[in-house]
Amino acid sequence: MQKVIIEGPVTLKGEVNISGSKNASLPIMISTALSKGSCLISNVPNLRDTRFLVSILQDLGCKVDFQKNIFAVHNSSIKKKSADYEYVRQMRASIVLLGPVIARYPKFKIALPGGCSIGTRGIDLHLEALKLMGVKISIRGGYVIAERKNKQLNAINHKFPKISVGATQNILMAATLANGKTVLKNCAIEPEVIDLINFLNSCGAKISIKNRIITILGVTELELQNHEVIPDRVEAGSYILAVMATKGKVILKDFEPTHLEFPLNIYQSMGLKIKKVSNRSYELSCRNLKTIKKINTREYPGYPTDLQAQIIATLLKTGIKSRVTENIFENRFIHIPELRRFGADLKLKDKTVEIQKVSELYGAEVMATDIRASFSLIIAAMMAKGTTTIDRIYHLDRGYEDFDLKLKKCGVNIKRKK
Ligand code: UD1
């Protein structure tokens with residue numbers, strides 16, 4: 001398994017080009033299964049997950065390819081009506097295929113995604129809403145077998161019992177081809193959901209959004225259009241926290257600060273300075289990092305769970321009884337034992353971590369555990385004295401395009417090793 005070796009401490013200085021958003025690309029790529037036709041989706045990051053989704057779609061018979069950050073759809077007809085375990089178990093987001101495919105075809109079978117390292121992550125919200133839309137769901141042999149009872153899916157008036165990004169995307173895609181007006185309440189409104197809606201509307205869908213209510217007027221057909229994916233706000237947030245942790249100065253290119261408003265306010269209160277350099281280019285710097293008392297992860301527009309591990313790492317030498325509470329996933333703290341290997345003083349109780357600053361961190365041998373947690377190890381390695389080896393970096397390759405090259409360009413002594 002590949003590893004990276006980082007020599008610390010280091011101050012991050014230079015320029016980082018922010019890639020297209022992974023979490024926006026995946027559902028947009030999937031949504032092309034709603035329609036025949038062709039289109040080009042640009043600014044798609046070249047990551048393990050996006051490449052993997054291309055293989056899933058190709059395995060289903062879609063004529064698609066992916067080169068130089070462009071996902072090209074030549075014909076998205078699905079020939080094989082089963083997404084196999086071998087694929088789905090490696091990428092949970094593939095469950096979002098179910099809604100659009102069953103909206104277009106009468107039957108589809110998809111492997112149950114199962115749990116993952118950050119929690120049980122059920123799919124009940126997806127399945128319950130599809131049942132209401134007239135889909136017969138049975139679970140057999142580890143597969144969800146979905147059969148549409150009518151010619152079209154039924155439009156529904158539905159309130160999600162819990163806010164879910166994936167369920168919102170899945171059901172809103174299904175509803176674009178449903179029979180009538182669907183109203184979905186308590187929806188996720190992350191920028192990635194909005195990007196999907198913008199893409200679908202450009203293809204002829206009739207979707208509107210007000211607060212957490214999404215209204216979809218079903219249409220019989222969509223016509224695929226070209227689309228440019230929004231910049232990755234989680235990647236940007238991760239590099240910003242690395243700037244803060246190392247008291248660095250970096251120009252972020254292709255950065256959209258409005259997608260990170262809430263966390264940026266927090267980071268500014270901790271000493272981050274932001275200066276607009278040109279359109280979509282911002283200089284981020286931090287001379288004095290200040291502590292913060294409390295951070296709670298929440299659905300957008302709140303503090304993102306995907307930046308929780310990175311803020312904990314950033315606070316390791318500054319936090320004074322700083323408390324970070326995880327409210328989205330029940331088990332998203334597997335980075336805590338890894339961060340302790342650097343000498344961090346972290347107390348974990350229920351869903352809250354308390355960080356008490358230490359005067360020094362020391363390089364260590366650690367293991368990447370999930371995409372975002374892995375970047376927290378990079379931040380800690382850059383703050384620590386000596387050599388850090390991070391094993392299992394395929395997690396980083398799932399979410400951070402060219403992370404080693406981008407860090408190297410900012411002065412980090414980082415090497416990839418087989
Ligand atoms: C997406 C993001 C992920 C991010 C997460 C929360 C993608 C590819 N992934 O994941 O990076 O961390 O949103 O912002 O976009 N839940 C249920 N039942 C369901 C569905 C979800 O109980 O049917 C629970 C989950 O276990 C979790 C919470 O709802 O506790 C939120 O999960 P959800 O928003 O669905 O996350 P994902 O869409 O999987």
Side-chain angles (χ1 to χ4, degrees), residues 20-31 44-45 47-50 52-53 56 88 90-99 110 112-132 137 139 144 158-174 184 186-196 212 229-230 232-235 237-238 259-260 262-263 296-311 325-335 351 369-376 395-396 398-400:
S21 160
K22 168 183 87 77
N23 287 354
S25 297
L26 297 174
I28 289 174
M29 291 160 78
I30 286 174
S31 75
V44 174
L47 295 169
R48 215 165 162 262
D49 275 14
T50 46
F52 195 67
L53 179 58
I56 297 181
V88 177
Q90 295 194 52
M91 197 178 67
R92 279 191 52 85
S94 32
I95 190 65
V96 172
L97 262 167
L98 186 55
I110 185 162
L112 276 168
C116 71
S117 55
I118 62 173
T120 46
R121 294 182 93 175
I123 53 165
D124 50 317
L125 303 173
H126 303 240
L127 300 187
E128 288 313 313
L130 285 173
K131 280 184 199 164
L132 296 173
I137 302 271
I139 313 264
V144 179
H158 178 61
K159 181 174 177 190
F160 288 109
K162 186 174 180 178
I163 298 171
S164 156
V165 174
T168 301
Q169 292 165 336
N170 211 348
I171 305 309
L172 87 85
M173 284 194 268
L184 300 175
N186 204 26
C187 290
I189 50 167
E190 269 65 1
E192 296 76 23
V193 175
I194 308 300
D195 203 28
L196 171 67
R212 287 198 181 274
V229 172
I230 55 169
D232 197 310
R233 67 190 167 107
V234 180
E235 188 199 23
S238 304
H259 294 165
L260 270 185
F262 188 86
N296 273 298
T297 66
R298 297 267 180 237
E299 294 86 0
Y300 188 86
Y303 191 87
T305 169
D306 284 353
L307 290 172
Q308 176 255 102
Q310 302 89 317
I311 184 84
T325 303
E326 172 59 48
N327 295 300
I328 308 294
F329 292 107
E330 76 265 33
N331 187 27
R332 201 170 201 180
F333 281 126
I334 27 178
H335 42 287
K351 46 187 198 163
T369 45
D370 81 59
I371 306 181
R372 310 303 168 189
S374 313
F375 206 90
S376 73
H395 287 290
L396 281 154
R398 286 187 58 198
Y400 292 93

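Counting convention: from 1, in listed order, for ligands and their atoms alike.
Checked against a 3.5 angstrom limit, the closest N/O atoms of G122 and ligand 1 fall inside it. Note: an N/O pair closer than 3.5 Å links L125 and ligand 1 by distance alone. Every N/O-N/O distance between K22 and ligand 1 stays at or above 3.5 Å. Polar contact with ligand 1: absent for Q169 (N/O pair, distance under 3.5 Å). When only interatomic distances are considered, the shortest N/O to N/O separation between A93 and ligand 1 does not fall below 3.5 Å. The shortest N or O to N or O distance between F329 and ligand 1 is not below 3.5 Å.
If you check the side chains of E128 and H158, you find no donor sitting under 3.5 Å from an acceptor.
Under 4.0 angstrom from ligand 1, the non-hydrogen atoms of R332 all belong to its side chain. Within the 4.0 Å heavy-atom criterion, both parts of V165, backbone and side chain, lie near ligand 1. Within the 4.0 Å heavy-atom criterion, both parts of I328, backbone and side chain, lie near ligand 1. Residue contacts with ligand 1 for E330 are absent, since no atom lies close enough (heavy atoms, distance under 4.0 Å).
Distances from atom 8 (C) of ligand 1 to the heavy atoms of N23, L196, L307, V234 put N23 nearest. Nearest residue to atom 17 (C) of ligand 1 from D124, D306, L127 is D124 (criterion: closest heavy atom).
The heavy-atom pair separating S94 from I110 by the smallest distance is O-CD1, 3.3 Å. The two residues K162 and L125 have their closest heavy-atom pair at O-CD1, 3.8 Å. The shortest heavy-atom contact between G166 and H126 is C-CE1, 3.4 Å. What you find for I328 and E299 is that their closest heavy atoms are CD1-N, 3.6 Å. For the pair G99 and L130, the tightest heavy-atom approach, listed with the atom from each and the gap, is CA-CD2, 4.2 Å.
Every atom of ligand 1 with a heavy atom of T305 under 4.0 Å away is listed here by number and element: 6 (C), 12 (O), 14 (O). Numbered from 1 in the order shown, with element, the atoms of ligand 1 that lie under 4.0 Å from a heavy atom of G166 read 35 (O), 38 (O).
The salt bridge (Lys or Arg N to Asp or Glu O under 4.0 Å) check on E192 picks up R233, with sequence neighbours excluded. In this structure Y300 satisfies the ring pair (Phe, Tyr, Trp, His ring centres under 6.0 Å) test with no other residue, sequence neighbours excluded.
For the pair H126 and ligand 1, a heavy-atom separation below 4.0 Å is found.
Ionic pairing of D306 and R332 is present here: one or more N-O contacts between side-chain nitrogen and carboxylate oxygen are shorter than 4.0 angstrom.
In this structure, the side chains of T325 and T297 stay at 4.5 Å or more apart for every pair of heavy atoms.
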